Protein chains: 2
Amino acid sequence: MKKVNSDVAYDYIRKKIISGEYAPGNPLMTESLSSEIKVSRTPVREALYKLKGEGLVSISPRLGASVKKMDVKEFRETCELRLALEGHAAGLAAVNHSQADLREIRFALEAMRELTERIIAGKDETNFIDDLVREDVRFHVGIMTAANNDLMKREILRLNMVNRLMIGPLNIRQPAKTKAETDENRRRVLASHEEIYEAIARGDAGAAREAMEQHIQDIVEKTLHLISGSGRSETRQLSEEELAYSG
Amino acid sequence: MKKVNSDVAYDYIRKKIISGEYAPGNPLMTESLSSEIKVSRTPVREALYKLKGEGLVSISPRLGASVKKMDVKEFRETCELRLALEGHAAGLAAVNHSQADLREIRFALEAMRELTERIIAGKDETNFIDDLVREDVRFHVGIMTAANNDLMKREILRLNMVNRLMIGPLNIRQPAKTKAETDENRRRVLASHEEIYEAIARGDAGAAREAMEQHIQDIVEKTLHLISGSGRSETRQLSEEELAYSG
DNA sequence: AAGAGCTGTTATGTATACAAGTGCATCCTA
DNA sequence: TAGGATGCACTTGTATACATAACAGCTCTT
């Protein structure tokens, strides 16, 4: 598979969207992009169509392309999809996992356990938190892999990525929480992961699915709470014109 | 939303793929398509990218586009996805359904019951079978709608469409079955539908999901059996080059 | 005779010119 | 001054020309 210009444009735009440099709603004009990437408009357009297929970009005829902007309804629907798929994947993982898969999941779990303890213990959080997130991802990816369904894995990862478009802009102003609250939260997450792992390890598909669904549900609810907490659910309901008015 | 040439090309190609006129593996050359549709190559290319996003077309750089060809692995993975989503949707439908939703589902079910009885009774199958299929679809669509998640509905419909690419070519040589067998089969399908409906009607999400999962599993197994029965599972494992050799 | 290399053909990838639609600012009118 | 018409600038959509990679058929060599 040789790399052609449309792939270059694709990678370029995709990266900027994911990193947040191009925020949701940001118009993506073929001309400026083409001069920025130094390819012609044709491969840029093709890149935009590919990104549309992934759900990162929306295109409407004659009005051009823009970074996909999610409303709360769509966000919830995406979360529900993710819940369904990741829950099912956990069930499949319980049945289909290889020993190597299980090992990978266990390692991620153990790393998380240790990191969680250290963070709760208290000294120098920041570094460990990045590590914790990484291990969290490793845990979830491990399960998707163990489920032995590439299509499902790709789809879950895609949904996650799309969701980040919604969550990403929120990170800036998370409502402050007490350390006790976040610690309690971390313990809950860890406990969920342990429950999921146990179910998978003993091959109990039903329990694995239920535990995973509960886990995702927790995460989603926390996020939805964040959204309404930051007063965003209402703001997002505003139409284009209304938003323009306030600016 | 005005209709532009790339939409024309999109509709044209999509229709031909779904109808089977362009069979899986069929190369889709921009030049011939453009002269056929009477638009230039540019909108044709864009149409192909859109179709790729839907999973109906595969494109590889410099080698061009072709109608998506599924191997057994991918088919099974798609079915698993569909199982997960449609099962979950049934669960949601049990919780979220409106009275109108329920009515629609019940009507489809009742129509199917009557048609099944008539078909089993015996006179002039053909017409009724088309009707039966239509009501079957109506039943499933009704549940997706009742789940109140547009994204999920669209995704399930898309998966179904993609699956047809695999199943479609098979229809030609279905191994003959005795009428007793097909009748028994129809009764099973109807019983499944009734079970699903009852669970949804009484708001039992768990039961609705399980019944739906079982139902889809039945369908999938039947189809997979058909595939191996027609000696296709082995053929499809062959690589491009091997296939080219035999031709 | 088999295989490597060459060459012409064909289809794709890309750039660019042109057409056409959209939105905005300006200007005119009541 | 408010409302609407008009024209302009800009962007997208489309056609097309050109560059380049893949492929097929041929020849030449071993």
Side-chain angles (χ1 to χ4, degrees), chain A residues 1-14 16-17 22 25-53 56-69 238-247, chain B residues 1-14 16-17 22-23 25-53 56-69 239-247:
Chain A
M1 274 243 206
K2 200 163 185 182
K3 196 156 191 174
V4 289
N5 279 3
S6 71
D7 292 328
V8 175
Y10 171 82
D11 291 340
Y12 180 93
I13 301 169
R14 188 171 188 276
K16 298 242 176 183
I17 292 176
Y22 296 157
N26 200 324
L28 298 167
M29 284 174 302
T30 52
E31 206 152 5
S32 39
L33 285 171
S34 81
S35 63
E36 205 173 321
I37 309 174
K38 292 187 182 60
V39 299
S40 79
R41 284 175 54 221
T42 312
V44 169
R45 291 190 112 233
E46 286 173 3
L48 289 174
Y49 275 110
K50 283 191 221 175
L51 289 163
K52 187 196 172 196
L56 288 176
V57 161
S58 53
I59 302 179
S60 32
R62 288 281 172 202
L63 299 178
S66 57
V67 180
K68 172 97 192 187
K69 206 163 63 179
L238 291 175
S239 65
E240 282 299 318
E241 310 88 61
E242 290 168 321
L243 283 172
Y245 179 82
S246 76
Chain B
M1 273 245 209
K2 201 163 183 182
K3 196 154 189 175
V4 289
N5 278 1
S6 70
D7 292 328
V8 175
Y10 170 83
D11 291 339
Y12 181 92
I13 300 168
R14 188 171 188 277
K16 297 243 175 182
I17 291 176
Y22 295 157
N26 200 323
L28 299 167
M29 284 174 302
T30 53
E31 208 151 2
S32 38
L33 284 171
S34 81
S35 64
E36 204 172 324
I37 308 174
K38 290 187 182 60
V39 299
S40 79
R41 283 175 55 219
T42 312
V44 170
R45 290 191 111 230
E46 287 173 3
L48 291 174
Y49 275 109
K50 284 191 222 176
L51 289 163
K52 186 196 171 193
L56 287 176
V57 160
S58 53
I59 301 179
S60 32
R62 286 283 169 201
L63 299 179
S66 56
V67 181
K68 172 95 189 187
K69 208 163 61 180
S239 65
E240 282 300 317
E241 309 88 62
E242 290 169 323
L243 283 172
Y245 178 82
S246 75

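All of these numbers come straight from a predicted model, not from anything done at the bench.
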Trainee: What is the separation between atom CE on B/M29 and atom C1' on C/dT10, rounded to the nearest whole Å?
Mentor: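 Interatomic distance, CE of B/M29 to C1' of C/dT10: 9 Å.
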Trainee: Any side-chain heavy-atom pair from A/K50 and A/V57 closer than 4.5 angstrom?
Mentor: no
Trainee: In whole angstrom, what separates A/R41's CZ from D/dT11's P?
Mentor: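 One finds 10 Å between P of D/dT11 and CZ of A/R41, rounded.
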Trainee: Provide, to the nearest angstrom, the distance between the CD atom belonging to B/E46 and the P atom belonging to D/dT12.
Mentor: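 Distance, rounded to whole Å: 12 Å.
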Trainee: Rounded to the nearest 0.5 Å, what's the gap from CG on B/L51 to NZ on B/K68? Could you check?
Mentor: 13.0 Å
Trainee: Can you tell me the distance, in whole Å, between the CG atom of B/L63 and the P atom of D/dA24?
Mentor: 11 Å
Trainee: Confirm from the modelled atom types if B/R62 and C/dT12 form a donor-acceptor pair under 3.5 Å, side chain to base only.
Mentor: yes
Trainee: Using atom CG of B/L33 as one end and atom C1' of D/dA15 as the other, report the distance to the nearest whole Å.
Mentor: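 Nearest whole value for this atom pair: 16 Å.
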Trainee: Report yes if the side chains of B/V39 and B/Y12 come closer than 4.5 Å at any heavy-atom pair, otherwise no.
Mentor: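 No, every pair of side-chain atoms sits at 4.5 Å or beyond.
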Trainee: Does the side chain of A/S40 get closer than 4.0 angstrom to OP1 or OP2 of C/dA15 through an N or O atom?
Mentor: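 Checking C/dA15 against A/S40, a side-chain N or O does come within under 4.0 Å of OP1 or OP2.
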Trainee: So do B/I37 and B/I13 actually touch side chain to side chain, heavy atoms under 4.5 Å?
Mentor: yes
Trainee: Nearest-Å distance, CG (B/N5) to C1' (C/dC18)?
Mentor: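 About 15 Å, once rounded to whole Å.
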Trainee: With heavy atoms under 4.0 Å as the rule, sort B/T30 into base, sugar-phosphate or nothing.
Mentor: sugar-phosphate
Trainee: I need the CG-C1' distance between A/L28 and D/dT12, as an integer number of Å.
Mentor: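 After rounding, the reported distance stands at 14 Å.
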Trainee: From CD1 of A/I37 over to C1' of C/dA15, roughly how many Å is that when rounded to an integer?
Mentor: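 Whole-Å distance recorded here is 15 Å.
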Trainee: Ignoring backbone atoms, establish whether B/T42 has a side-chain N or O less than 4.0 Å from OP1 or OP2 of D/dA15.
Mentor: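 For D/dA15, OP1/OP2 do not have a side-chain N/O of B/T42 under 4.0 Å.
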